[in-house]
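Let me begin by presenting the structure, written as structure tokens, before commenting on it.
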Amino acid sequence: MPPVPSSRPAPRLAVWAAVVCVLAVAAAVVSFVRGSWLGVVWILMAGISSNMAWFYVRKAKLDRAAQADRAAQPGAAASG
């Protein structure tokens with residue numbers, strides 16, 4: 001019987017993506033305060049990492065729901 005993949009990596013990736021998003025926003029603020037247009041790149045990175053965070057949160061939620069559905073099916077424990 002193959003091991004069941006853990007749904008733990010998705011929330012961890014979501015946390016890291018959120019951290020990157022916060023740091024990118026902070027870097028953008030610092031860049032704009034210093035008068036550099038490089039802050040635009042940081043804003044783009046913040047947008048990408050924000051989308052990644054939401055993706056991994058949603059993926060973890062759907063994985064948990066699918067796992068609960070599989071466990072609730074009749075005969076799930078007898079298969080194998």
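The hydrophobic cluster containing Y56 does not contain W54, counting ILVMFWY residues as joined when their side-chain heavy atoms lie under 4.5 angstrom apart, directly or transitively. By the rule that hydrophobic residues join a cluster once side-chain heavy atoms approach within less than 4.5 Å of another member, L38 and V33 end up as members of separate clusters. Side-chain heavy atoms closer than 4.5 Å link hydrophobic residues (I, L, V, M, F, W, Y) into clusters, and following such links, even through other members, never connects V25 to V22. Cluster membership check: M52 shares its hydrophobic cluster with L13, using side-chain heavy-atom separations under 4.5 Å among Ile, Leu, Val, Met, Phe, Trp and Tyr.
Looking at every heavy atom in both residues, G39 comes nearest to A28 through O-CB, 3.7 Å. Minimum interatomic distance between F32 and V40 (heavy atoms only, all atoms of both residues): CZ-N, 3.6 Å. Heavy atoms only, all atoms of each residue included: A46 and C21 are closest at O-SG, 3.5 Å.
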I would like to know whether W42 and L23 meet side chain to side chain contact (heavy atoms under 4.5 Å, CB included); could you show each step before the answer?
CA-CA 9 Å; W42 290 112; L23 291 175; over 6 Å; no

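Across K59, K61, Q67, a single residue satisfies side-chain contact (heavy atoms from CB on, under 4.5 Å) together with D63, and that is K59.
Side-chain N or O atoms of S31 include one that pairs as donor or acceptor with a backbone N or O of A27 at under 3.5 Å.
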